[in-house]
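Small disclaimer: the values here were computed from a predicted structure and weren't measured.
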Amino acid sequence: MITNNDVSGKKNFFLMAGPCVIEGEEMAMQIAGKIKRITDRLDIPYVFKGSYRKANRSRLDSFTGIGDKKALTILKKVGDTFGIPTVTDIHENHEAAIAAEYVDVLQIPAFLCRQTDLLVAAAETGKIVNIKKGQFLSPGSMQFAVQKVVDAGNKNVMITERGTTFGYTDLVVDYRGIPQMQAFGFPVIMDVTHSLQQPNQTSGVTGGLPALIETVAKAAIAVGADGLFIETHPDPTCAKSDGANMLQLDLLEGLLEKLVRIREAINF
């Protein structure tokens, strides 16, 4: 079993990256393989990310997944094949024990970060619990979500910043929140791509600002984030979920090279 110390590199930041949702085995293996080769070369601890099901969709006809068991099995195969940890979202209490059989990190979506029973169910699996900060919460208030997991007997907690609601259709990142949440004693991750979403569009499809991915990522590393969360896809225009704010897979290597140099500079 991995702990948060295993994915939190002292020398370098760690990376959670992959598609928004598992669309199929071939695509998942392609993405994981490419990122693993890049992160091995750059000495970046890597966790493969893929939601086995998307529950918080705007419209009933939105893509939610290829089937829970099928997607979870793919996540396990990715982890076993490449020898890397994997992370996926859970949405209801009973999903915690099910997903824990296939992945190493259970992620609590931002909208659900105050759900006590969900946090406790995730904690009781003994897996790392990555809690995304609600768009409606201050950094300081996340201590209470973290404490629920700790009080349930699990000290393997990570916190993810993903922007704060600004008006109806935009998000902003307050980088003061990263050191504020690090003061709780757990790794803090910057969710680069979701922070660039433009939610609540009248079309029912979330927009995004992918041109600013590099800007947000550089700033996060500069202020000392422990890890980065980046959704990526070979062709975001064809992605079945959140394509508007994803990073094209071919652009990831160049971005990570720049970020490693920033990390080296601030650690000098």
Side-chain angles (χ1 to χ4, degrees), residues 4 7-8 12-18 20 44 47 49 51 56 87 89 105 107-114 130-146 157-201 206-233 236 241-248 251-252 254-256 258-263 265-267:
N4 50 18
V7 296
S8 181
N12 218 346
F13 59 89
F14 64 93
L15 177 68
M16 287 185 172
C20 177
I44 299 171
V47 182
K49 183 272 166 185
S51 296
N56 54 335
V87 56
D89 309 80
V105 182
Q107 183 166 279
I108 308 301
F111 288 128
L112 302 177
C113 68
R114 285 172 51 89
N130 179 31
I131 312 172
K132 286 198 169 185
K133 181 182 78 65
Q135 303 93 321
F136 44 86
L137 290 179
S138 69
S141 64
M142 281 299 291
Q143 65 183 299
F144 303 111
V146 170
V157 187
M158 297 189 290
I159 310 164
T160 295
E161 166 63 52
R162 53 96 73 236
T164 300
T165 299
F166 184 74
Y168 289 117
T169 59
D170 209 356
L171 300 166
V172 294
V173 178
D174 181 355
Y175 287 95
R176 297 174 300 178
I178 292 177
Q180 287 173 353
M181 292 188 289
Q182 285 172 326
F184 305 154
F186 300 97
V188 174
I189 303 160
M190 181 73 235
D191 183 343
V192 178
T193 46
H194 284 102
S195 296
L196 291 167
Q197 283 184 330
Q198 293 182 308
N200 302 320
Q201 300 294 319
T206 297
L209 299 167
L212 293 176
I213 287 173
E214 182 171 320
T215 301
V216 172
K218 284 178 174 178
I221 296 302
V223 299
D226 299 288
L228 295 179
F229 180 108
I230 298 175
E231 288 189 340
T232 183
H233 191 282
S241 178
D242 280 1
N245 53 268
M246 275 194 197
L247 179 69
Q248 185 172 321
L251 301 177
L252 180 63
L255 174 61
L256 292 177
K258 294 177 183 177
L259 299 176
V260 167
R261 291 198 294 272
I262 294 173
R263 178 69 172 223
I266 65 172
N267 285 343

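- Here the closest heavy-atom approach between residue Ala220 and residue Tyr175 is recorded as N-CE2, 3.6 Å.
- One distance of note links OG1 of Thr160 with CE of Met142; it measures 8.0 Å at 0.5 Å rounding.
- We find the CG-OG1 distance between Leu171 and Thr164 to be 7.5 Å, quoted to the nearest 0.5 Å.
- For Asp89, the salt bridge (charged side-chain N to carboxylate O under 4.0 Å, His left out) test picks out no residue, with sequence neighbours left out.
- Evaluation of the salt bridge (Lys or Arg N to Asp or Glu O under 4.0 Å) test over residues 206-222, restricted to residues two or more places apart or in two chains, returns Glu214-Lys218, Glu214-Lys258.
- Taking CZ of Phe166 as the start and CG of Asp174 as the end, the distance is 12.0 Å to the nearest 0.5 Å.
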Step-by-step side chain to side chain donor-acceptor pair (under 3.5 Å) determination, Ser141 to Lys133: CA-CA 9 Å; Ser141 64; Lys133 181 182 78 65; over 6 Å; no
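- The closest donor-acceptor contact from the side chain of Thr165 to the backbone of Phe136 lies at 3.5 Å or more, if one exists at all.
- Screening residues 177-199 for ring-ring contact (aromatic ring centres under 6.0 Å, His included) gives His194-Phe229 as the qualifying pairs, with residues at least two apart or on separate chains.
- Between the CD1 atom of Ile189 and the CD atom of Glu161 there is a distance of 11.5 Å, given to the nearest 0.5 Å.
- Inter-residue side-chain proximity for Val223 and Met190 is flagged as unmet; no heavy-atom pair is nearer than 4.5 Å.
- Residues Met181 and Pro179 fail the side-chain proximity criterion, which asks for heavy atoms closer than 4.5 Å.
- A pairwise comparison of heavy atoms in Ile221 and Ile262 identifies CG2-CG2, 3.8 Å as the closest pair.
- The nearest pair of heavy atoms linking Ala225 to Arg263 is O-NH1, 3.2 Å.
- The two residues Val260 and Asn12 have their closest heavy-atom pair at CG2-ND2, 3.9 Å.
- Across all non-hydrogen atoms, the minimal contact from Gly163 to Ser195 is N-OG, 3.4 Å.
- Formation of a donor-acceptor pair under 3.5 Å by the Lys132 side chain with backbone atoms of Ile159 is not found in this model.
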Pair Gln182-Asp226, side chain to side chain donor-acceptor pair (under 3.5 Å): steps then yes or no: CA-CA 9 Å; Gln182 285 172 326; Asp226 299 288; 3.0 Å; yes
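- Note that CG of Leu228 is 11.5 Å distant from CD1 of Ile213, once rounded to the nearest 0.5 Å.
- In terms of modelled atom types and a separation under 3.5 Å, the side chain of Thr193 and the main chain of Ile230 share no donor-acceptor contact.
- The heavy-atom pair separating Cys113 from Gly134 by the smallest distance is SG-N, 3.5 Å.
- Of the inter-residue distances, the one linking Met158 atom CE with Met16 atom CE reads 3.5 Å to the nearest 0.5 angstrom.
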